[in-house]
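Read the structure below first, then the notes.
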Amino acid sequence: MTVALAEIRAAQARIAGKVERTALQLSDALARHCGVPVYMKMEHRQPTESFKLRGATNAVAMLDPEGRKRGVVAASTGNHGRALAYAARLEGLGATICMSQLVPQNKRDAIALLGAEMRIVGDSQDDAQVEAERLVEDMGMTIVPPFDHEDVIAGQGTIGLELIEDLPQVDTVLVQLSGGGLASGVAAAVKGLRPQARVIGVSMARGAAMQASLEAGRPVQLREEETLADSLGGGIGLANRHTFSMCRDLLDGVILLSEEEIAAGIVHAYREEREIVEGAGAVGIAALLAGKVMPGGPVALILSGRNIDMELHRRVINGEGRP
Ligand SMILES: *Cc1c(COP(=O)(O)O)cnc(C)c1O
């Protein structure tokens with residue numbers, strides 16, 4: 001079960017005007033470093049500070065009238081939960097975000113500000129997921145998962161369409177890889193329009209569940225570890241339906257990065273590009289700086305988000321390490 005180019009094109013029409021059509025900006029500093037033109041897709045500038053708004057907006061737009069009435073639910077408190085709350089509000093429908101009581105107050109506040117209803121249950125992400133599934137059963141709400149869903153993948157894939165529109169001669173695309181919604185969508189779009197382009201996934205070395213699954217030939221679980229690229233944490237789901245096979249079939253490789261390399265990416269984004277990005281957002285830059293890609297022509301990478309605690313950002317910029 002894969003998402004085809006036609007579905008990504010349909011998503012593009014559906015979300016036009018509801019998400020930013022972000023700039024693809026040349027980086028002089030990275031071009032000098034790599035000897036080829038390097039462009040950055042400015043997805044951290046989306047209104048919810050990450051690309052996840054694309055998939056969430058497309059999934060909300062796909063609801064039928066009954067689904068719209070009953071609203072949407074998610075168990076993510078990160079960029080996906082925020083994006084879904086925003087997309088639902090824009091369409092005037094209800095969103096419920098389930099979270100455990102361990103979720104810090106600042107994250108709760110951010111979601112409450114978007115008008116979403118919050119359900120605080122248990123003390124793990126799994127408890128929150130169970131509650132979300134109960135709301136689907138009992139209330140008929142529609143669950144919008146963060147990556148393993150056709151409408152979400154198609155929405156994220158619109159980044160690939162814009163990329164090829166703006167840089168038709170692209171040689172290598174570097175794409176963040178966690179659950180694989182972004183990588184699946186972008187790779188489907190890029191390969192559909194320019195089959196000779198390489199699409200390479202980038203993950204942190206600590207707990208790269210998709211890479212471990214690709215190596216094993218089936219979805220596997222890894223112990224979750226703390227990482228600067230916290231938005232890339234988490235598994236791909238043992239019952240993965242879409243993103244595992246799409247990443248297996250479409251990606252040309254996966255690059256893994258150390259914490260030091262990711263930190264260098266954040267520092268470069270700030271000092272050279274004058275951009276604040278979170279760890280996950282900086283891994284494309286980090287892969288180039290670490291010399292882990294050998295591009296034969298123009299490179300495109302994605303600044304995927306900027307949802308970083310500013311005290312942590314300050315420490316990374318000053319080389320102070322983690323608090
Ligand atoms: C979710 C996320 C990713 C990874 O996307 P997947 O579809 O899960 O692979 C990358 N960067 C940021 C900022 C994210 O929020």
Side-chain angles (χ1 to χ4, degrees), residues 3 8 19 22 40-56 58-59 74-86 107 110 144-160 173-189 199-204 207-214 219 224 227-237 240-244 246-248 250-251 254-257 262 265-266 269 275-287 301-309 313:
V3 174
I8 302 172
V19 308
T22 55
M40 305 176 297
K41 183 86 171 134
M42 309 301 259
E43 285 297 306
H44 61 310
R45 303 251 182 97
Q46 291 291 352
T48 59
E49 305 194 323
S50 83
F51 74 89
K52 288 230 172 51
L53 191 57
R54 293 176 183 262
N58 189 47
S76 155
T77 58
N79 287 331
H80 173 65
R82 189 169 169 191
L84 186 64
Y86 183 99
K107 279 192 161 182
V144 180
F147 54 87
D148 198 25
H149 186 289
E150 283 145 308
D151 301 333
V152 172
I153 295 168
Q156 323 303 30
T158 59
I159 291 172
V173 178
L174 300 177
V175 56
Q176 284 81 356
L177 181 61
S178 174
L182 177 64
S184 296
V186 167
V199 181
I200 298 174
V202 189
S203 300
M204 67 288 164
M210 181 63 85
Q211 168 63 5
S213 301
L214 293 172
E224 208 170 323
T227 167
L228 261 181
D230 57 314
S231 291
L232 300 185
I236 70 165
N240 189 290
R241 296 174 63 210
H242 307 284
T243 60
F244 171 73
M246 288 184 75
C247 287
R248 181 192 62 204
L250 295 171
L251 292 183
V254 177
I255 292 167
L256 299 181
L257 298 171
I262 295 168
I266 295 175
E275 300 291 340
I276 293 169
V277 293
E278 58 177 287
V283 297
I285 292 176
L301 58 85
I302 301 164
L303 302 187
S304 59
R306 61 176 171 190
N307 189 5
I308 184 170
D309 176 78
H313 188 268

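Values reported hereafter were calculated over all heavy atoms of this structure, with side chains retained and with hydrogens, waters and symmetry mates removed. For ligands, and for the atoms within them, numbers begin at 1 and follow the listed sequence. These figures come from a predicted structure and were not determined experimentally.
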Which atoms of ligand 1 are found less than 4.0 Å from any heavy atom of [X]?
| X | result |
| --- | --- |
| Gly181 | 6 (P), 7 (O), 9 (O) |
| Phe51 | 1 (C), 2 (C), 3 (C), 5 (O), 10 (C), 11 (N), 12 (C), 14 (C) |
| Glu278 | 13 (C) |
| Gly305 | 13 (C) |
| Leu232 | 3 (C), 4 (C), 10 (C) |

Sidechain-backbone polar pair: [X] side chain, [Y] backbone, donor-acceptor under 3.5 Å:
| X | Y | value |
| --- | --- | --- |
| Asn240 | His242 | yes |
| Gln176 | Ala280 | yes |
| Asp148 | Thr243 | yes |

request  = Using heavy-atom distances, let me know which of Ser304, Ala282, Cys247 sits nearest atom 12 (C) of ligand 1.
outcome  =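 Among Ser304, Ala282, Cys247, the closest heavy atom to atom 12 (C) of ligand 1 comes from Ser304.
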Using a 4.0 Å heavy-atom cut-off, say whether [X] meets ligand 1 through its side chain, its backbone, both or neither.
| X | result |
| --- | --- |
| Lys52 | side chain |
| Gln156 | neither |
| Asn307 | neither |

Testing the basics here: between [X] and [Y], what is the closest heavy-atom pair and its distance to 0.1 Å?
| X | Y | answer |
| --- | --- | --- |
| Ile153 | Phe147 | CG1-O, 3.4 Å |
| Ala287 | Val202 | CB-CG1, 4.2 Å |
| Ala154 | Ile8 | O-CG2, 3.7 Å |

Would you check the N or O atoms of [X], main chain and side chain alike, for any that come under 3.5 Å of an N or O of ligand 1?
| X | answer |
| --- | --- |
| Leu177 | no |
| Ser178 | yes |
| Gly179 | yes |
| Asn79 | yes |

inquiry  = For a quick check under 3.5 Å, do Gln211 and Ser203 share a side-chain donor-acceptor pair by atom type?
reply    =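 Note: Gln211 and Ser203 side chains miss the donor-acceptor criterion.
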request  = Give a yes or no on whether a salt bridge exists between Glu275 and Arg45, defined as a side-chain N under 4.0 angstrom from a carboxylate O.
outcome  =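 Salt bridge flag = yes for Arg45 with Glu275.
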ask   = Is there a heavy atom in Gly180 that sits closer than 4.0 Å to ligand 1?
value =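 Checking ligand 1 against Gly180, which is what was asked, there is a heavy-atom contact under 4.0 Å.
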message = Is there a side chain to side chain contact (heavy atoms under 4.5 Å, CB included) between Ser231 and Asn307? Walk through the geometry before answering.
response = CA-CA 9 Å; Ser231 291; Asn307 189 5; 5.7 Å; no
